[in-house]
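Inspection log for the structure reproduced underneath, given as structure tokens.
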Amino acid sequence: MSLNRELAARFKTMATVLQLLGESGFKVNANLKVADVLDQLVEDVSTIDDATSIDGIGKGSATKIKEYIETGKMADYDALIEQIPSGLLDVLKVQGLGPKTVQRLWKEANVVDLTTLQEAIDDGRLLALPRMGQKTIDNIKDSLEFIQSSSGRTNIGVAIPIAESLVSQLSNLQGVTQCEFAGSLRRGCETIGDIDILLSTSEPETAIEYFCSMPNVTKVLVAGDTKCSVRIEEGMQCDLRVIDEEQYGAALLYFTGSKSHNVFMREVAIKQGRRLNEYGLFKDDSKDSTPPQSRGIEPIAAQCEDSIYEALNLAWTPPELREENSLDGDGIPSLITASDVKCDLHCHTTASDGTMSIEELAEEGIKRGYHTIAVTDHSQTQAQANGLSPERLVKHIKAIRNVNEQYSEITVLAGSEVDILPDGTLDYEDALLEALDIVVASPHAALKQNPDEATARLCKAIEHPNVHIIGHPTGRIIQKRAGLEPDMIQLFEAAVKHNTALELNAHSLRLDLRDWHIRSAVKHGVSIAINTDAHRPTDFEQLRFGIATARRGGLEPKSCINCFNANELSKWLNQKR
DNA sequence: GCCGTTTTCGGCCCGACTGTTTTCAGTCG
């Protein structure tokens with residue numbers, strides 16, 4: 001784990017422990033924010049002279065960070081975790097159990113981890129506690145079971161089709177006028193905790209009843225007049241909010257989040273003598289705790305999101321940029337969209353481990369209106385993927401050129417996804433690489449290399465005169481494999497110097513580079529390639545996930561080589577020839 | 001613990017739902 005991530009984990013743990021010890025929520029939030037900031041920081045924090053220069057990190061945290069960098073220890077952290085049993089942190093993850101209750105379970109029922117929690121339920125210790133009834137216990141039992149059977153967050157590639165199916169079912173109900181998903185899914189996060197769906201309808205009861213009784217619902221968690229939550233077979237929680245049409249924009253804004261964006265928006269509102277909530281933006285500078293809409297105050301803006309931003313004198317912010325630290329004051333970038341993409345430069349055929357022939361690949365490209373598609377099968381070291389020997393590659397190049405002759409609508413490039421070997425050399429001789437139209441160099445093995453070796457390895461490939469693109473630079477697989485952790489800044493500088501593009505691999509399990517890599521890469525002036533790495537026709541649909549990640553990173557079409565027209569691309573490729 | 005276009009002290013977003021209460025604390029998003 002990198003230093004930034006190690007530190008982030010420590011601050012997160014400290015926040016949780018502080019919560020359990022009953023410390024002020026503001027202190028807890030401050031620590032969580034430090035964790036968040038460190039998690040998203042591209043530069044190694046040890047290279048930053050004064051950590052307080054980073055927004056969200058104050059004097060106290062900066063001292064702790066410095067101590068950890070210099071000594072590998074953090075006295076305050078050690079002192080904190082000593083104060084509670086370590087297993088108590090897991091107990092806090094049980095849905096329905098918050099810090100207050102966990103503290104009581106610990107002090108009054110000797111619950112120290114998930115096992116003792118189960119024991120306390122079984123032997124009746126829990127039921128004996130005040131304010132602890134059978135229903136609460138049943139809910140805890142159920143959450144415990146869920147924790148044991150679930151892996152936590154769900155990949156966007158799994159969640160989006162489910163969310164879209166839910167939206168389409170609900171949209172068909174009588175009376176429904178608007179319906180869409182919000183939350184982290186709308187912000188394009190790579191994994192999500194739950195699916196949030198918003199809906200306007202003239203028949204709320206019908207919608208809620210339908211939602212709670214869908215065939216894949218395994219449990220109804222909450223069912224009120226305006227909101228209900230269910231757990232579905234796929235293991236996710238889905239929330240439905242029924243919204244008045246006039247307040248739809250305010251609700252969409254609120255339920256899209258992120259939490260920190262909501263806090264930001266509300267603070268802006270307060271400074272202007274207004275109040276923002278999920279029902280609208282209100283003129284209200286009173287200290288009255290009764291919500292303005294309950295006091296008969298009419299909203300200034302509520303029906304659509306942009307009217308609220310406008311009323312607050314803010315530019316409408318695309319959902320993907322509504323995160324902590326997404327914007328750096330340079331205004332809202334003109335984010336890339338899927339329709340800006342005009343080519344795919346990383347695809348496989350049956351020659352290695354794909355299912356499409358060269359012709360089928362070309363047809364798929366034409367279907368999508370691409371001017372160019374690159375055939376980049378695996379190189380010889382990738383034996384398990386049927387990687388091509390030099391002799392096979394020579395024949396393959398000829399076959400690709402033949403196919404290219406057959407099509408006037410699309411250019412089929414002869415390329416290779418050549419392995420970057422652990423020492424940074426490539427899997428084919430230079431002469432063979434020179435014969436290709438395009439070279440995507442990717443790491444596939446030795447992905448546990450230390451950061452220094454990984455940096456040297458990838459930089460060497462970036463500097464190679466025949467390499468156009470570094471494919472999935474870290475090799476991470478979301479929730480499965482951390483991949484390489486090179487010094488990204490060095491990679492970006494080398495990429496700019498040698499005019500080598502770095503790939504954002506669009507596959508929903510890769511999304512590599514990640515959103516915060518892209519943000520930093522863009523600032524450095526790196527050219528980004530967004531490719532699907534298609535092995536079968538349906539893989540082209542993965543482009544949307546790459547686009548979502550790119551947008552989260554603030555990528556504009558001008559920085560993405562897949563948005564070049566045919567001439568620009570050809571010129572760019574030929575710079576390396 | 002962090003922060004400052006009223007502030008270096010005194011704030012820090014806001015509402016729905018549940019369960020066990022008899023008026024509300026706790027949790028969640």
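Values below: all heavy atoms of this structure, side chains included; hydrogens, waters and symmetry mates excluded. Here is the naming used below: chain letters follow the sequence lines, and residue numbers restart at 1 for every chain. Owing to the predicted nature of the structure, the values given are computational and were not obtained by experimental measurement.
On the C1' atoms, B/dG1 is 15 Å away from B/dT8, given to the nearest whole Å. Look at the C1' atom in both B/dC9 and B/dG15: the space between them is 29 Å, to the nearest Å. Comparing the P positions of B/dT21 and B/dT27 gives a spacing of 16 Å, expressed to the nearest Å. Rounded to the nearest Å, the gap between the C1' atom of B/dG11 and that of B/dC17 is 29 Å. Distance check on atom P: B/dC2 versus B/dT6 gives 24 Å, rounded to whole Å. Taking the P atom of each, B/dA16 and B/dC3 are spaced 32 Å apart, rounded to whole Å. Between the C1' atoms of B/dC24 and B/dC12, the separation comes to 24 Å (whole Å). The same atom, C1', is picked in B/dT23 and in B/dG19; the two are 13 Å apart, to the nearest Å.
If you take CG of A/L240 and P of B/dA16, they are 16 Å apart, rounded to a whole angstrom. What separates CD of A/E267 from C1' of B/dG10 is a distance of 14 Å, to the nearest Å. One interatomic measurement links the two molecules: CZ of A/F26 to P of B/dC9, which rounds to 19 Å at whole-angstrom precision. The interatomic distance linking A/F282 (CZ) with B/dC14 (P) rounds to 12 Å, in whole Å. Between A/N313 atom CG and B/dT5 atom P the separation is 17 Å, expressed in whole Å. Atom C1' of nucleotide B/dC13 and atom CG of A/D284 are separated by 13 Å, given to the nearest angstrom. With rounding to whole Å, A/K64 atom NZ is found 7 Å from B/dC2 atom P. In this structure, CD1 of A/I270 is placed 19 Å from P of B/dG10, rounded to the nearest angstrom.
Listed pair A/N262 / B/dC13 fails the phosphate criterion, with no side-chain N or O lying under 4.0 Å from OP1 or OP2. Taking only side-chain nitrogens and oxygens, A/Y279 never comes nearer than 4.0 Å to OP1 or OP2 of B/dC13. In this model, the phosphate group of B/dG19 is approached by a side-chain N or O of A/N139 to a distance below 4.0 Å at OP1 or OP2.
Residue contacts shown for A/L18 are absent, as no nucleic acid heavy atom lies under 4.0 Å away. Counting non-hydrogen atoms under 4.0 angstrom, A/G257 reaches nothing in the nucleic acid. Residue A/N29 is classed as having no contact, given no heavy-atom separation below 4.0 Å to the nucleic acid. Residue A/A269 is classed as having no contact, given no heavy-atom separation below 4.0 Å to the nucleic acid.
Nearer to the 5' terminus of DNA chain B, by closest-nucleotide assignment, is the contact made by A/K271 (compared with the other of A/K271 and A/G224). Looking at which nucleotide of DNA chain B each of A/V28 and A/N277 is closest to, the 5′-most match is held by A/V28.
No donor-acceptor distance shorter than 3.5 angstrom exists from the side chain of A/E278 to the backbone of A/F255, with no hydrogens or angles considered. Looking only at distances, no side-chain donor or acceptor of A/T549 sits under 3.5 Å from a matching main-chain atom of A/D515. At distances below 3.5 Å, not a single donor-acceptor pair connects side-chain atoms of A/R125 with backbone N or O atoms of A/V111. Counting only distance, with no hydrogens or angles, the side chain of A/R551 and the backbone of A/I336 share a donor-acceptor pair below 3.5 Å.
Within a 6.0 Å radius of CD in A/E245, other residues, nucleotides and ligands contribute more than 12 heavy atoms.
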Where protein sits on nucleotides 20-29 of chain B, one letter per nucleotide: B base, S sugar-phosphate only, - none, heavy atoms under 4.0 Å: SS----SSSB
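Using a 3.5 Å distance cut-off with no hydrogens or angles, the side chains of A/Q237 and A/Q95 do pair a donor with an acceptor. In the model, A/D36 has no side-chain atom that pairs as donor or acceptor with a side-chain atom of A/Q40 under 3.5 Å.
Shown here, B/dT8 forms no base pair; nothing in the strands shown gives a Watson-Crick or G-U wobble contact with both key distances under 3.5 Å.
Relative to the side chain of A/T226, the nucleotides B/dC14, B/dG1, B/dA16 differ in distance, and B/dA16 lies closest.
Atoms CG and CD1, on A/L166 and A/I232 in that order, are 6.0 Å from each other to the nearest 0.5 Å.
For the pair A/I65/A/F11, a side-chain contact is recorded, criterion being any heavy-atom separation below 4.5 Å from C-beta on.
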